[in-house]
Number of protein chains: 2
Amino acid sequence: MAMDLRSGCPINLSLEVFGDRWSLIILRDMIFGGKRHFRELLTTSIEGIASNILADRLKRLMEFGMLTKADDPTHKQKAIYSLTEKSIALVPIMAQLGAWGRAWLPVSEELSIRAELLEDGGPAMWEAFMADLRAEHLGIGKVRPMDESVRGRLQAGYEAVVLRKAGAASP
Amino acid sequence: MAMDLRSGCPINLSLEVFGDRWSLIILRDMIFGGKRHFRELLTTSIEGIASNILADRLKRLMEFGMLTKADDPTHKQKAIYSLTEKSIALVPIMAQLGAWGRAWLPVSEELSIRAELLEDGGPAMWEAFMADLRAEHLGIGKVRPMDESVRGRLQAGYEAVVLRKAGAASP
DNA sequence: TCAACCAATTGCAAAATGCAATCAGTTTGG
DNA sequence: CCAAACTGATTGCATTTTGCAATTGGTTGA
């Protein structure tokens with residue numbers, strides 16, 4: 001909604017698209033967690049986003065061309081969200097963010113496995129992962145899928161952590 | 001101040017440090033614009049930050065160990081802000097952000113020269129630039145400075161743009 | 001039929017932001 | 001020597017954004 005256009009600087013413009021507290025978290029869960037539905041994003045995000053904020057950010061990200069939305073054929077009410085090439089192109093940024101966080105912040109070992117894999121794999125692996133995302137979200141390319149075990153570890157959800165948190169809350 | 005600790009995910013923790021509307025803009029101006037003083041950051045930022053927000057963010061960034069503050073020997077009242085290794089380590093993130101913005105957003109040609117230089121130079125150039133920043137802000141290393149013309153273009157300020165904006169406002 | 005589930009929406013309090021005015025100490029120019 | 005300009009902030013206040021809980025209108029599967 002709010003398109004300030006504070007300046008035409010690339011860094012500033014990028015921040016205007018996803019430089020808020022939630023947009024990158026949502027995209028992280030879609031890119032690395034394989035989340036495609038509203039409910040999935042709402043209930044399995046470790047950080048616990050509120051439904052109104054999630055609805056607003058999904059709308060905003062669609063307006064910016066970062067996501068598309070389609071009817072889920074299996075469920076008339078379900079919407080399925082897809083990444084676009086524009087948001088898949090964030091993988092290198094995510095990788096650098098993860099690497100920086102791992103180096104300088106008190107990350108939890110469990111949640112930084114993905115960042116470590118991306119860091120160790122380097123640009124070649126980012127590209128392979130992006131090709132995988134294109135195949136899943138855009139339905140193109142993908143002659144040979146990424147190594148399955150690597151992909152599995154990369155997309156391994158936070159479900160265990162989420163469940164543990166939920167369990168601790170209601171024992 | 002506000003340390004939520006929403007989760008120990010590297011990306012989330014990184015966002016808690018600089019995932020707001022202004023912190024990265026300030027760091028960008030210090031890293032690429034060579035700004036070291038409150039007034040410089042206040043008046044030569046193209047985006048036009050308010051002084052109370054600037055004061056708050058400088059304080060916050062110091063609390064996070066991204067900046068340090070010292071008395072300017074040439075001016076008793078002047079404070080000089082320095083980058084730390086932690087914030088210098090953001091250069092790769094800035095480079096990726098700039099590259100993404102340049103590829104996907106309507107950046108102004110004038111303001112995206114830095115991003116283009118970083119993109120073309122690649123990781124080797126990022127490292128050279130970081131070494132330069134270490135020499136200036138931490139007073140270490142620096143056997144041989146970076147190529148002067150490249151460094152000049154990289155740090156070329158937005159002064160022309162700022163002046164033009166100011167001029168247009170009061171003709 | 002009916003409870004569970006779906007993607008949102010609404011209302012409201014709290015926090016963040018933007019803006020202008022102001023502050024006390026410092027330096028500079030005449 | 002003194003006034004003007006400059007230093008890094010701080011204050012007050014209106015607007016905007018956010019966070020949270022409850023709720024909505026519709027769908028699904030038993």
Side-chain angles (χ1 to χ4, degrees), chain A residues 1-7 12 15-26 29-30 35-63 67-82 169-170, chain B residues 1-7 12 15-26 29-30 35-63 67-82 165-166 169-170:
Chain A
M1 251 293 179
M3 241 307 205
D4 282 310
L5 255 185
R6 303 189 297 184
S7 89
N12 176 60
L15 290 178
E16 291 189 17
V17 173
F18 53 78
D20 68 279
R21 218 150 172 62
W22 288 108
S23 296
L24 265 193
I25 296 291
I26 294 168
D29 286 347
M30 292 190 65
K35 310 294 165 59
R36 308 284 298 260
H37 302 289
F38 190 93
R39 279 294 144 173
E40 278 181 309
L41 290 164
L42 185 66
T43 59
T44 68
S45 161
I46 324 174
E47 288 86 9
I49 189 170
S51 68
N52 59 340
I53 307 283
L54 176 59
D56 178 77
R57 290 307 185 280
L58 288 173
K59 187 178 134 213
R60 225 179 93 91
L61 287 170
M62 285 190 289
E63 288 169 358
L67 298 177
T68 58
K69 179 179 167 180
D71 294 335
D72 187 325
T74 72
H75 194 297
K76 258 179 196 150
Q77 217 165 1
K78 239 172 187 167
I80 187 160
Y81 293 91
S82 298
S170 57
Chain B
M1 254 287 182
M3 240 306 206
D4 282 310
L5 254 184
R6 304 190 298 183
S7 89
N12 176 60
L15 290 178
E16 291 188 18
V17 173
F18 53 78
D20 68 278
R21 216 146 176 63
W22 288 111
S23 296
L24 264 192
I25 296 290
I26 294 168
D29 286 347
M30 291 190 65
K35 310 294 166 58
R36 308 285 300 260
H37 302 289
F38 189 94
R39 282 290 148 173
E40 276 181 309
L41 289 164
L42 185 66
T43 60
T44 68
S45 161
I46 325 173
E47 288 87 9
I49 190 170
S51 68
N52 57 342
I53 307 284
L54 176 59
D56 179 77
R57 290 307 184 279
L58 288 173
K59 186 178 133 212
R60 224 179 94 90
L61 288 170
M62 285 191 286
E63 287 169 359
L67 298 178
T68 58
K69 180 178 165 180
D71 294 335
D72 186 327
T74 73
H75 192 297
K76 261 183 195 143
Q77 216 167 2
K78 241 173 187 166
I80 188 159
Y81 293 92
S82 298
K165 281 181 83 175
S170 58

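Chain letters run A, B, ... following the sequence lines, proteins first and then strands; every chain starts at 1. Side chains are part of it too, since the values below use all heavy atoms of this structure and drop only hydrogens, waters and symmetry mates.
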Which atom pairs link the protein and nucleotides 27-30 of chain C when you take only N or O atoms and keep those under 3.5 Å?
{"unit_1": "dT27(C)", "atom_1": "OP1", "unit_2": "Lys76(B)", "atom_2": "N", "d": "2.8"}

Given dT18(D), is OP1 or OP2 found less than 4.0 Å from the side-chain N or O atoms of Arg21(A)? no
Is it true that Asp20(B) and Arg57(B) have a side-chain N and a carboxylate O under 4.0 angstrom from each other? yes
Which residues pass the side chain to side chain contact (heavy atoms under 4.5 Å, CB included) test with Glu40(B), sequence neighbours left out? Lys35(B), Arg36(B), His37(B)
Taken in chain and number order and not counting sequence neighbours, the residues that satisfy side chain to side chain contact (heavy atoms under 4.5 Å, CB included) with Ala55(A) are Phe38(A)
Atom CZ of Arg39(A) and atom P of dT27(D) are separated, to the nearest Å, by 16 Å
Is Trp22(B) close enough to dG18(C) that one of its side-chain N or O atoms is under 4.0 Å from OP1 or OP2 there? yes
Compare all side-chain heavy atoms of Leu61(A) with those of Ser23(A) and state whether any distance is below 4.5 angstrom. yes
Could you tell me the separation between the CD1 atom of Ile49(A) and the P atom of dA7(C), rounded to a whole number of Å? 14 Å
Checking side-chain contact (heavy atoms from CB on, under 4.5 Å) for the pair Glu16(B)/Arg21(A): CA distance, chi angles, key distance, verdict? CA-CA 8 Å; Glu16(B) 291 188 18; Arg21(A) 218 150 172 62; 3.7 Å; yes
Per Arg57(B) side chain, nearest of listed nucleotides dA7(C), dT17(C), dG8(D): dT17(C)
Calculate the interatomic distance between Ile26(B) atom CD1 and dT17(C) atom C1'; express it in whole Å. 13 Å
Measure from CD1 on Ile80(A) to C1' on dC6(C) and round the result to the nearest Å. 14 Å
Applying side chain to side chain contact (heavy atoms under 4.5 Å, CB included), can you list everything that pairs with Leu15(A), at least two apart in sequence or on another chain? Ile11(A), Leu24(B), Ile25(B)
Rounded to whole Å, how long is the line connecting atom CG of Asp56(A) with atom C1' of dT17(D)? 9 Å
Regarding the side chain of Ala50(B), the nearest nucleotide among dC19(C), dT17(C), dA7(C) is dC19(C)
I'd like a list of close polar pairs between nucleotides 10-14 of chain D and the protein, N/O only, cut-off under 3.5 Å.
{"unit_1": "dT10(D)", "atom_1": "O4", "unit_2": "Ser51(B)", "atom_2": "OG", "d": "2.7"}

Distance, rounded to the nearest Å, where His37(A) contributes NE2 and dA8(C) contributes C1': 16 Å
Hey, does the side chain of Lys69(A) come within less than 4.0 Å of dA8(C)'s phosphate (OP1/OP2), counting only N and O? yes
Locate the shortest heavy-atom distance separating Leu67(B) from Met30(B); write the atom from each residue and the value. CD2-SD, 3.6 Å
What is the separation between atom CG on Asp20(B) and atom C1' on dT16(D), rounded to the nearest whole Å? 16 Å
Taking every non-hydrogen atom, the tightest pair across Leu41(B) and Leu58(B): CD1-CD2, 4.1 Å
What is the distance from CG of Leu54(A) to C1' of dA21(D), rounded to the nearest Å? 16 Å
With sequence neighbours excluded, residues passing side chain to side chain contact (heavy atoms under 4.5 Å, CB included) with Ala70(A): Ile80(A)
